[in-house]
Amino acid sequence: MKQQGIGQSHAKIILIGEHSVVYGQPAIALPLPNVKLKATLTADTTSASHVVKCSWAQGNLTSLPESMAGIQKLINTLMERFNGQDDGWTLEIDSMLPSERGMGSSAATAIAIVRAFFDLYETPLDRETLLKLADVEEQITHRSPSGLDAATTSSDQPIYFIKGQHGQPIELNLHATMVIADTGIKGATKEAIMAVRELLATDPQTTQQRLAHLGKLTERARTILSRDDPNELGRVLNLAQDELTELNVSDTALERLIQVARQNGALGAKLTGGGRGGCMFALAKTALGARKLAGILKQHGAVETWIQPLAKGDE
Ligand SMILES: C[C@@](O)(CCO)CC(=O)[O-]
């Protein structure tokens, strides 16, 4: 066992396919490498205490807030795995990710913690084990997670994802820039997932059609990403937003920013992640256009914006 274990991860953004991915349809998600999270696990040889420190909570592992029940379970699972229940440590989580905004904060935290434990105990970690362990946390924090968040917050490349698989890296040849904007309202992923489940129970036929349509739109987006047609991608994103609204996972704050973006030259705009609060994004043709849009979205209530070029090398 070393003196210190370090684990890193980053935010993610779902381009298309949220919610339908829970029901076996494909999704495409991108890493946001500049929005980072770091977990530092420092061994304490003087005591057997387990202290967790992060910007939203601080204290002993056993007294973490309810919102961290998934993290608590994950850490207990890791301690058991390494037979390290009697090893004292302090875990510091340093995160640039806003929590509950659809940017994968919980999965990114889990990924970094798993990496930090494997680093501290000097054990090699393969991707399958990493995702399986992150799922221990995600199962509690979200309901029926697809695994998409963990797969993307641990990947350096955009991924095409189907539930039950690890995600396939894809190359993007489309030159456009995304503006991500935070409504400032906590996203309610669990509730949004429940809302879709309820719709499936009350109106199975239409709901299944909508989920299948989102899957088809994702396939179309994948083809478009391999060539350079940002206008067509914008149209596909708008169609996906229509379906998400019908699935009852959007809300007025998201719709407002989406409309503002479309009225101000965005090629397309939609919510991203769980919805019902959280973030939306808009697609702009150029980096300059994206910066202008970011300013406009802020004037209309966005509390934070991030700019992310789609293709590598456009930074
Ligand atoms: C809403 C959802 O599709 C994305 C949450 O970021 C849920 C999931 O994939 O687990």
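When a residue number appears, it is its place in the shown sequence, counting from 1. For ligands, and for the atoms within them, numbers begin at 1 and follow the listed sequence.
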Next on the checklist: Give the atom numbers and elements of ligand 1 that come within less than 4.0 Å of a heavy atom of Glu18.
Outcome noted: 3 (O)
Checklist entry - Is Lys12 near ligand 1, meaning one of its heavy atoms is under 4.0 Å from it? => result yes
Checklist entry - At under 4.0 Å between heavy atoms, which part of Arg276 makes contact with ligand 1: side chain, backbone, both or neither? => result neither
Next on the checklist: Give me the residue, atom name and distance of the protein heavy atom closest to atom 4 (C) of ligand 1.
Outcome noted: Ile14 CD1, 3.6 Å
Next on the checklist: Quick check: closest heavy atoms across Ser154 and Ala150, and the distance to 0.1 Å?
Outcome noted: OG-O, 2.7 Å
Checklist entry - Are there more than 12 heavy atoms of other residues, nucleotides or ligands under 6.0 Å from atom CG of Asp86? => result no
Checklist entry - Just wondering, are more than 12 heavy atoms of other shown residues or ligands nearer than 6.0 Å to NZ in Lys186? => result no
Next on the checklist: Taking atom NZ as the centre, does Lys298 end up with more than 12 heavy-atom neighbours from other residues, nucleotides or ligands that are less than 6.0 angstrom away?
Outcome noted: yes
Item to check | Contact list for residues 151-171, test ring-ring contact (aromatic ring centres under 6.0 Å, His included), sequence neighbours left out | outcome: none
Item to check | Electrostatic pair Lys216-Glu219, nearest N-O below 4.0 angstrom | outcome: no
Checklist outcome for this item: Quick note on ligand 1: atoms under 4.0 Å from a heavy atom of Asp149 include exactly 5 (C), 6 (O)
Checklist entry - Heavy-atom count around Lys163 NZ within 6.0 Å, excluding the residue itself: above 12? => result yes
Checklist outcome for this item: In ligand 1, the atoms that come under 4.0 Å of a heavy atom of Gly273 are 6 (O)
Item to check | ligand 1 atoms in contact with Ser146 (distance to a heavy atom under 4.0 Å) | outcome: 8 (C), 9 (O), 10 (O)
Item to check | Heavy atom of Gly274, distance to ligand 1 below 4.0 Å | outcome: yes
Item to check | Heavy-atom nearest neighbour in the protein, as seen from atom 2 (C) of ligand 1, with distance rounded to 0.1 Å | outcome: His19 N, 4.0 Å
Next on the checklist: At less than 4.0 angstrom from any non-hydrogen atom of Val21, what atoms of ligand 1 do you find?
Outcome noted: 3 (O), 9 (O)
Item to check | Those atoms of ligand 1 less than 4.0 Å from some heavy atom in Pro145 | outcome: 10 (O)
Pair up each side-chain donor or acceptor in residues 65-76 with any protein partner under 3.5 Å, not counting sequence neighbours, and list the distances.
unit_1	atom_1	unit_2	atom_2	d
Gln72	NE2	Leu61	O	2.6
Asn76	ND2	Gln72	O	3.3

